[in-house]
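Remarks on the structure that follows.
In what follows, residues are counted from 1 in the order of the sequence shown. A quick note: this is a predicted structure, and the numbers were derived from the prediction, not measured.
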Amino acid sequence: MTDQAGERVLRGKYRDYCSACVADALLSLSPDQIYTLSRSESGAVDRLGSASYNDAIRLAEEKIRDKLKLPDFQTWVEQYKKDPDRFDPHLIGLWESEEPATLPGRPKEKEEEGRRPG
């Protein structure tokens, strides 16, 4: 795997990890908690108004991201390289859809590996 390809995979895994953390936090909230959290977002009262539930989720997601204090990319890479097993169980597979088809770990290649000639 080239350095550029490795960087793409790591960036994809980082986005996947952050997305999974935010999703876990968001899914642990009730609809009322999501609405309350979205209203607490600075200036959200003006922005939310009679907005939809999707808008409330988007605003709550912004607030959750801030509260989680997720590591920046470089910090995450250092931690990931030291102990990938700490992070891999939290990945939900989004990173695989960002990989070019020629990189290892793609579902297509996994399917081909399982095929036997004849």
Side-chain angles (χ1 to χ4, degrees):
M1 185 180 323
T2 67
D3 286 343
Q4 187 178 16
E7 170 95 3
R8 276 196 307 268
V9 169
L10 286 172
R11 285 200 179 278
K13 286 186 174 189
Y14 172 70
R15 284 190 294 272
D16 192 331
Y17 172 76
C18 292
S19 295
C21 290
V22 171
D24 284 346
L26 194 57
L27 289 172
S28 71
L29 301 174
S30 71
D32 287 340
Q33 290 171 315
I34 290 171
Y35 185 74
T36 301
L37 186 58
S38 67
R39 299 284 277 181
S40 71
E41 177 71 14
S42 177
V45 174
D46 294 334
R47 295 189 318 190
L48 198 54
S50 62
S52 71
Y53 186 67
N54 288 338
D55 292 330
I57 289 175
R58 183 181 46 75
L59 290 168
E61 182 182 334
E62 291 173 16
K63 188 73 168 179
I64 287 169
R65 249 191 238 122
D66 292 342
K67 282 186 173 188
L68 287 177
K69 297 180 181 166
L70 295 167
D72 62 53
F73 177 68
Q74 289 304 322
T75 302
W76 182 87
V77 167
E78 291 169 13
Q79 294 172 352
Y80 183 81
K81 285 182 176 180
K82 287 179 187 172
D83 187 11
D85 291 336
R86 177 179 155 206
F87 297 96
D88 284 343
H90 302 284
L91 302 180
I92 54 179
L94 298 175
W95 68 274
E96 292 177 343
S97 66
E98 296 182 10
E99 286 184 71
T102 57
L103 292 178
R106 291 286 295 152
K108 180 180 176 187
E109 289 182 3
K110 288 180 184 175
E111 288 174 16
E112 290 173 3
E113 287 173 8
R115 292 185 188 152
R116 294 195 176 138

Heavy-atom side-chain contact between [X] and [Y] under 4.5 Å:
X     : Y     : value
Leu59 : Ile34 : no
Leu91 : Tyr17 : yes
Leu37 : Lys67 : yes

Would you say Glu61's side chain and Arg58's backbone share a donor-acceptor pair under 3.5 angstrom?
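Looks like no, no N/O pair under 3.5 Å.
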Just jot down the side chain to side chain contact (heavy atoms under 4.5 Å, CB included) partners of [X], sequence neighbours excluded, or say none.
X     : result
Ser28 : none
Ile92 : Asp16, Ala20, Leu94
Lys82 : none

Side chain to side chain donor-acceptor pair (under 3.5 Å) partners for Tyr80, two or more places apart:
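Tyr80: side chain to side chain donor-acceptor pair (under 3.5 Å) contacts with Lys13, Asp88.
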Stepwise side-chain contact (heavy atoms from CB on, under 4.5 Å) test for Leu10 and Glu7:
CA-CA 5 Å; Leu10 286 172; Glu7 170 95 3; 5.6 Å; no
Qualifying side chain to side chain donor-acceptor pair (under 3.5 Å) pairs, either residue in residues 68-79, two or more places apart:
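Qualifying pairs: Asp72-Thr75.
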Leu29/Ile64 under side-chain contact (heavy atoms from CB on, under 4.5 Å): CA gap, chis, key distance, verdict:
CA-CA 11 Å; Leu29 301 174; Ile64 287 169; 3.9 Å; yes
Residue pair [X] / [Y]: nearest heavy atoms and the distance that separates them:
X     : Y     : result
Tyr35 : Ala56 : CD1-CB, 4.3 Å
Leu70 : Val22 : CD1-CG2, 4.3 Å
Arg86 : His90 : O-CD2, 3.3 Å

